[in-house]
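One structure is given below, encoded as structure tokens.
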Number of protein chains: 2
Amino acid sequence: MIRDERLSWKEVRDQIRAGILNRTYAPGDKLPRDADIAETLGCARSTVQRAMRDLSDAGLVERKRKGGTHVRTDPVTRATLDIPITRREVEKRGGVYGYQLIDQSLGVIPHEVARKFEQTETTEMMRVQALHLADHKPHIFEDRWICTDTVPEILNVDLSRESANEWLVRNKPYTRFDLRFYAISADAEIAECLKIERGSPLLVIERTTWIGTAAITLVKAYTAPGYEILTSN
Amino acid sequence: MIRDERLSWKEVRDQIRAGILNRTYAPGDKLPRDADIAETLGCARSTVQRAMRDLSDAGLVERKRKGGTHVRTDPVTRATLDIPITRREVEKRGGVYGYQLIDQSLGVIPHEVARKFEQTETTEMMRVQALHLADHKPHIFEDRWICTDTVPEILNVDLSRESANEWLVRNKPYTRFDLRFYAISADAEIAECLKIERGSPLLVIERTTWIGTAAITLVKAYTAPGYEILTSN
DNA sequence: AAGTGGTCTAGACCACTGG
DNA sequence: CAGTGGTCTAGACCACTTA
């Protein structure tokens with residue numbers, strides 16, 4: 001007789017997942033209770049729990065107290081995205097990073113921006129427009145609003161040397177953020193900055209960050225043509 | 001004296017995170033060992049572990065055996081994306097979903113497609129072009145290649161009734177996928193399908209899926225103007 | 001070689017929620 | 001209100017990695 005070895009939670013997870021993939025448990029089906037699975041497989045319940053949490057995080061099953069664990073009927077593709085600071089992104093690809101401040105000013109925020117910040121009484125903020133370069137070519141044009149009430153220190157930062165992107169990320173950690181991606185066609189201003197033709201299709205990455213409920217910044221990053229966002233799974 | 005209650009792992013996590021946000025632990029700093037934190041806070045080491053895993057998943061700290069736990073120097077914005085099947089996406093917003101098969105054929109895959117599949121000997125696949133509608137208006141035009149070697153059953157599915165999107169997701173779970181987003185401008189064919197002007201900027205969602213190492217499908221989803229991808233964090 | 005995080009166990013209690 | 005998942009503990013051993 002071969003003595004059973006202890007099961008790792010990944011092995012448990014893979015067994016359960018296999019059962020789902022091969023239709024032993026079809027979408028909508030209820031899986032046995034953790035305790036029963038543990039007994040069947042001969043491991044501790046917490047090991048099953050660990051495996052289940054992984055499957056749940058991956059969106060394969062849905063767990064409810066008292067309700068039990070069910071195979072999700074409506075699978076979603078769940079991906080994790082890492083958006084690094086632009087410098088890192090360029091350097092990681094072996095490129096040469098460059099940065100240019102284009103304009104910096106104080107001004108009243110447009111309604112559209114105020115809406116993105118949700119609840120903010122602040123009406124005047126700092127606007128920063130800057131260009132990130134990769135291998136000396138325009139890479140990303142960013143148009144940013146920074147809440148000077150939340151981040152008064154920004155007034156004393158020399159943004160011609162260091163990008164707001166980096167300064168903020170290093171000095172003002174956020175607790176919440178909002179991300180959206182969409183496509184636009186380049187208007188005259190953006191086209192000029194990125195040195196492309198008007199009307200070129202661009203991917204825009206828009207990010208708003210808060211610390212607690214206080215708005216920090218809203219940035220629209222207009223990426224140069226050819227830019228792609230990738231996930232690795 | 002008030003007797004200390006047991007700490008939950010979320011409370012532990014929040015305390016550690018607070019220490020990072022308020023610079024008690026600056027970027028690059030090493031945090032105490034789990035065991036020490038546990039003793040300091042008066043909880044079990046596994047509770048600290050749970051908290052740390054959360055911070056690590058969020059990208060705030062980096063953990064290494066023997067090396068200890070360090071606050072990450074270059075924070076990344078880490079977001080989780082859920083991409084549901086198109087029907088759900090439309091219905092969740094309260095819209096009416098519709099679907100039209102445009103074309104279905106067998107053909108030799110272009111080199112560009114073969115490259116995306118990485119290693120595949122298959123050269124002939126099924127191509128499916130279809131339109132997803134939201135409130136009777138074009139919403140997403142999808143151009144898909146399906147590997148008939150991996151998914152021979154697809155040959156017997158009536159794709160004019162059910163979208164390949166849904167059939168695959170229900171019947172052919174994948175084990176790995178690749179996602180990318182980028183912007184293009186609509187060519188004549190896409191413009192006609194989506195009933196928009198040529199040259200309109202479009203967000204494209206491209207997804208390749210595999211089961212094991214066997215290719216399943218590659219789909220390019222051309223979204224109608226105004227489409228946005230959102231993350232919720 | 002030794003230090004630190006990762007995992008497993010067995011058991012207890014809690015918290016949510018569906019029947 | 002009872003069943004099920006979620007969490008906590010204390011302790012042991014493992015596995016990776018760096019000093």
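Since this is a predicted model, take the numbers as computed values, not measurements. All chains are named by letter (A, B, ...) in the order of the sequence lines, taking the proteins before the strands, and each is independently numbered beginning at 1.
Distances shorter than 4.0 Å separate none of the side-chain N or O atoms of B:Gln49 from OP1 or OP2 on C:dG5. The shortest distance between the side-chain N/O atoms of B:Thr47 and the OP1/OP2 oxygens of D:dT7 is not below 4.0 Å. Side-chain nitrogen and oxygen atoms of A:Arg65 include none within less than 4.0 Å of the OP1 or OP2 phosphate oxygen of C:dA15. Close to D:dA10, at under 4.0 Å from its OP1 or OP2, lies no side-chain N or O of B:Ser46.
Under a 4.0 Å N-O distance rule, the pair A:Arg63/A:Asp34 qualifies as a salt bridge. With salt bridges taken as basic N to acidic carboxylate O contacts below 4.0 Å, none links B:Asp74 and A:Lys92.
The CD atom of A:Glu62 sits 17 Å away from the P atom of C:dC16 (whole-angstrom rounding). Distance CD (A:Glu39) to P (C:dG11): 12 Å, rounded to an integer number of Å. In this entry the distance linking CH2 of B:Trp9 with P of C:dC13 reads 23 Å, nearest Å. When the C1' atom of D:dA2 is taken as reference, atom CZ of A:Arg33 falls 12 Å away, rounded to whole Å. Residue A:Met52 contributes atom CE, which lies 15 Å from atom P of C:dC8 at whole-angstrom precision. With rounding to whole Å, B:Asp34 atom CG is found 17 Å from D:dG11 atom P. Atom NZ in A:Lys66 sits about 7 Å away from atom P in D:dT4, given to the nearest Å. The CD1-C1' distance, from A:Ile37 to D:dG6, rounds to 15 Å in whole Å.
Under 3.5 Å, the side chains of A:Thr77 and B:Tyr174 contain a donor-acceptor pair of N or O atoms.
With the nearest nucleotide of DNA chain D identified for both B:Gly67 and A:Leu31, A:Leu31 has the one nearer the 5' end. Looking at which nucleotide of DNA chain C each of B:Thr69 and A:Ala44 is closest to, the 5′-most match is held by B:Thr69. Each of A:Lys10 and A:Lys64 lies near DNA chain C, and the nucleotide nearest A:Lys10 is the one positioned closer to the 5' end.
Among the heavy atoms of the strands, none lies under 4.0 Å from B:Arg53.
Atom-to-atom distance recorded for A:Ile85:CD1 and A:Asn165:CG is 6.0 Å, nearest 0.5 angstrom.
For B:Arg45, the side-chain atoms get nearest to C:dG5 when compared with the rest of C:dC8, C:dG5, D:dT4.
Ring pair A:Tyr99/A:His132 is tilted by interplanar angle, where 30° to 60° counts as tilted.
Side chain B:Arg50 to base C:dG6: no donor-acceptor pair is found below 3.5 Å.
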